[in-house]
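Below is one structure, written out as structure tokens; comments come after it.
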Amino acid sequence: MTLKARRRFFMAACLIPGLIMFILFKLYPAMQVFYKSFFLWTGIGDKPKFIGLKNFVDMFHDDVFLLALRNTGFLIVIVPVFTLLIALVNASILTRTKLKEKGIYRTLFFFPSILSFVVIAILWSFIYHPTIGFLNSGMELLGLGDYAMAWLGDSRTVLWALAVTLIWQAAGYYMVIYMAGIDSISPDLYEAAGIDGATPFEQFIHITIPMLWEIIRITIIFSINGVLTISFVIVTIMTAGGPDRHSEVVMTYLYQQAFTNSNFGYAMAIGVFVFVFSVILSLISNKLTERGVS
Amino acid sequence: MSQIQTSAAVPSRKEYKSVKPIIIIRNWLLRIVLIIQALAVVYPLLWNVLASFKTNAEVMESPWSLPKSLHWDNYVRAFTSAKIGDYMLNSVIVVVLSMAMLILMAVPTAYVLGRMRFRGQKLISNIYMAGLFIGAVYIIVPLFILMNDLHMLDNRFWLSAVYATGTLSFSVYLLTGFMKSIPPDFEEAAMIDGCGYFSTLFRIIMPMVRPGIITMVVFSFFDFWNEYVLAMTLVTSDAKKTIPIGLSNLMQVQQFATDWGSLFAGLVIVLIPTVIIYVLLQKKLTEGMMLGGVKG
């Protein structure tokens, strides 16, 4: 073989296995989702029938879908706001102050983000459990027994309860990202601000946040997309969408439409909608945060 | 105005004495906030371990009490009637297979994309980048149908292939960065010494990007070990299910059977490898996050 042919053969051998798998298990299904969302398709043996935009129109007349969309909207606002705020404050405390046991907190806070979502969902199901859960019994010990309730069984609290679980899971992950960012800020800035008399809180607002702004923007987008994905597992195991659909999210509804109701076309239309929705949301968040740089 | 003196700047010796108590109070307030959070992380896990040694009556009685004696039989039941051991074995098989496939695909791909110039390079890089945004739930329906048509369902090998492909985008993205940082002299020297392309990749380059490969392996390990949606959909027979599916089934069953003890024992069994790997690799994990930028 000539040198050129050998080089070509080598490159092909390196690239082709990955590309075949990637096209087969990722790209092709992703294209199928877009294409088949215009079809009525109700089963594996069934032939898909082209119905244009009907699946998308149906979505907006589907009360359950609209409720699921609203619940998802609640989570993708509440969860990133609290997750990122807690992460930012913790990262700031654990880099900017002199506490001897800092390392212990770092290790502990990051731990939930490597736990299986299933383990987290089961654990939190028991935290909220009405009779054997330790949230209620802990409240009784503190004399708040009157406020004890079935956290996951009550339509008023279920979404907040799920939000707390999602925040618990993710805050440590973003904390580590922010800590890396804060470490790369020049210490001179803080020193100069200190000499000018800025309190740690003022330094946080005027140095840490502006200097981290680009990282914060990225983490907002990552966090929104994280909620869309993770909420599927958490909701499936903790509430199955209950009580009475009050914790149904778009991803669980998509799954249910596909694998319980065999509404494949409709399920894929929901997938397309959510995908486009998340891209638009990312773009909006990108645009809104753009001017934040000082 | 004395508040202002609590700044991070080093005060002069004279000021130092008056400032110190404020800093101490502030640090203790911060410490209380941190300890509360630490308890919120640790307590559920500790409670789980305690509950795994309790009888059902004890679990029902009070969630805050200590077990009266250690009921190891919960663990025995988790292995025998709940078949945690079998699920775990399936998970180990799937993780090992997917890891092998991922390394075999990602390292050569990243090498060619990171270090060679050719037509279509940009296109291929962009295709992999796009993959970062295609989550499993979006494509689960066509993936299921495709695998059904190709008779790939309920098969641990093909489940592993889907897993490996799932983290391929991120891995290629991560490793390409490492590949680019190697000076080209190494390859030239290897070629002059008579190394072919393949032996250069495996004998010279791979050892040099080892930190990148380790980061990729650590991250993918947690992804593969914890994966839920794909395993739930693409594996149908009970004998081939992985541990997250086994656990969620166990939870459904035990809610009616009220065998809490063996459910908690099952959770602890799953937690142990995670904790061990975390303790061993915590540094690598957080370093990897800083190297690889952010990952959702």
Side-chain angles (χ1 to χ4, degrees), chain A residues 6-7 10-11 14-15 17-18 21-22 25-26 29-30 32-33 36 44 93 96-97 99 105 107-112 114-119 122-123 127 132-134 137 176-177 180 190-191 194-195 197-200 218-219 222 225-226 229 232-233 237 251 254 258 264 267-268 271 275, chain B residues 3-4 6-9 27 30-31 34 37-38 41-42 44 47-48 59-60 62-64 104-106 108-109 111-112 116 118 124 127 131 134-135 137-139 141-143 145-146 148 161-162 165 168 197-198 222 226 228-229 244 247-248 251 267 270-271 274 278 282 286 289-290 294 296:
Chain A
R6 263 171 46 198
R7 189 178 132 100
F10 171 74
M11 291 200 319
C14 284
L15 289 175
M21 296 280 252
F22 190 78
F25 293 128
K26 208 116 203 201
Q32 280 281 304
V33 169
K36 290 281 167 55
I44 288 176
I93 293 174
R96 299 290 309 148
T97 54
L99 295 175
Y105 299 124
T107 309
L108 288 178
F109 292 176
F110 183 68
F111 186 63
I114 58 154
L115 282 179
S116 160
F117 301 135
V118 175
V119 170
I122 296 176
L123 266 183
I127 292 177
I132 68 169
F134 61 77
S137 59
V176 172
I177 292 175
Y190 289 105
E191 214 167 285
I195 289 166
T199 63
I218 300 168
T219 52
F222 272 98
N225 286 303
T229 332
F232 175 83
V233 186
I237 295 174
M251 292 308 206
L254 181 163
F264 290 129
M268 287 195 254
F275 184 75
Chain B
Q3 278 268 310
I4 284 166
T6 61
S7 63
N27 280 355
L30 292 178
R31 197 168 268 149
L34 293 168
Q37 291 188 67
V41 169
V42 172
W47 174 78
N48 180 8
V59 173
M60 303 285 272
S62 165
W64 297 80
L104 282 174
M105 291 192 293
T109 302
Y111 176 68
V112 172
M116 294 179 137
F118 60 97
I124 296 175
I127 287 176
I134 307 172
V137 186
Y138 294 119
I139 56 167
V141 179
L143 191 61
I145 290 167
L146 174 83
N148 180 58
V162 174
T165 316
L168 187 59
Y197 283 109
F198 287 100
F222 290 110
N226 296 334
Y228 180 72
V229 187
L247 274 182
S248 75
M251 173 159 167
L267 285 171
V270 178
L271 277 171
T274 315
Y278 182 58
Q282 196 228 338
T286 43
M289 283 176 65
M290 295 173 190
V294 284

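FYI, side chains are in, hydrogens and waters are out, and symmetry mates aren't considered; it's all heavy atoms of this structure. All chains are named by letter (A, B, ...) in the order of the sequence lines, taking the proteins before the strands, and each is independently numbered beginning at 1.
The main-chain N or O of A:Thr107 is found under 3.5 Å from a side-chain atom of B:Tyr278 such that the two form a donor-acceptor pair.
Considering every non-hydrogen atom in both B:Pro44 and A:Leu123, the closest pair reads O-CD2, 3.6 Å. Smallest separation of non-hydrogen atoms from B:Ala161 and A:Met21: CB-CE, 3.5 Å. For the pair B:Pro244 and A:Val118, the tightest heavy-atom approach, listed with the atom from each and the gap, is O-CG1, 3.5 Å. Taking both residues in full, the closest heavy atoms of A:Lys26 and B:Gly131 are given as NZ-O, 3.7 Å, listed atom of the first, atom of the second, then distance. Looking at every heavy atom in both residues, B:Thr109 comes nearest to A:Cys14 through OG1-O, 3.5 Å. Looking at every heavy atom in both residues, B:Met105 comes nearest to A:Gly18 through SD-CA, 3.7 Å.
With a 4.5 angstrom heavy-atom cutoff, B:Val41 touches chain A via backbone and side-chain atoms both. Only the side chain of B:Leu168 comes within less than 4.5 Å of a heavy atom of chain A; its backbone N, CA, C and O stay farther away. B:Asn148 touches chain A through its side chain: at least one heavy atom from C-beta onward sits under 4.5 Å away, while N, CA, C and O do not. For B:Tyr197, the parts lying near chain A are the backbone and the side chain together; criterion is any non-hydrogen pair under 4.5 Å. In this structure, the portions of A:Phe22 lying under 4.5 Å from any heavy atom of chain B include both its backbone and its side chain. Contact of B:Val112 with chain A is made through the side chain alone, with heavy-atom distances under 4.5 Å. Both the backbone and the side chain of A:Ala30 come within less than 4.5 Å of a heavy atom in chain B. Only the side chain of A:Met268 has a heavy atom closer than 4.5 Å to any heavy atom of chain B. When heavy atoms are compared at a cutoff of 4.5 Å, A:Leu254 approaches chain B solely by way of its side chain, counted from C-beta outward. Contact of A:Tyr105 with chain B is made through the side chain alone, with heavy-atom distances under 4.5 Å.
For chain B, the option among A:Thr97, A:Ile237, A:Ile122, A:Thr229 with the highest count of heavy-atom pairs below 4.5 Å is A:Ile122. For the options B:Leu104, B:Val42, B:Ile124, B:Leu146, heavy-atom pairs under 4.5 Å to chain A are most numerous at B:Leu146. The greatest number of non-hydrogen atom pairs below 4.5 Å with chain B, out of A:Gly271, A:Ala258, A:Gly133, A:Pro29, is found for A:Pro29. The candidate with the highest count of non-hydrogen atom pairs below 4.5 Å against chain B, out of A:Leu108, A:Ile127, A:Asn225, is A:Leu108.
The CD atom of B:Gln37 lies 7.5 Å from the CD1 atom of A:Ile93; values are rounded to the nearest 0.5 Å. Atom CG of B:Leu34 sits about 5.0 Å away from atom CZ of A:Phe109, to the nearest 0.5 Å. Note that CG of B:Leu271 is 6.0 Å distant from CG of A:Leu115, once rounded to the nearest 0.5 Å. To the nearest 0.5 angstrom, A:Phe264 atom CZ is 4.5 Å from B:Ile145 atom CD1. Rounded to the nearest 0.5 Å, atoms CG (B:Leu30) and CG (A:Leu99) are 6.5 Å apart.
Remark: of the listed residues B:Thr274, B:Asn226, B:Leu267, B:Leu267 is the sole one forming a side chain to side chain contact (heavy atoms under 4.5 Å, CB included) with A:Val119.
Under the ring-ring contact (aromatic ring centres under 6.0 Å, His included) criterion, B:Tyr228 pairs with no residue, sequence neighbours left out. Every residue two or more places apart in sequence or in another chain was checked for a ring-ring contact (aromatic ring centres under 6.0 Å, His included) with B:Phe118, and none qualifies.
You'll find the side chain of B:Tyr138 stays beyond 4.5 Å of the side chain of A:Val33, heavy atoms only.
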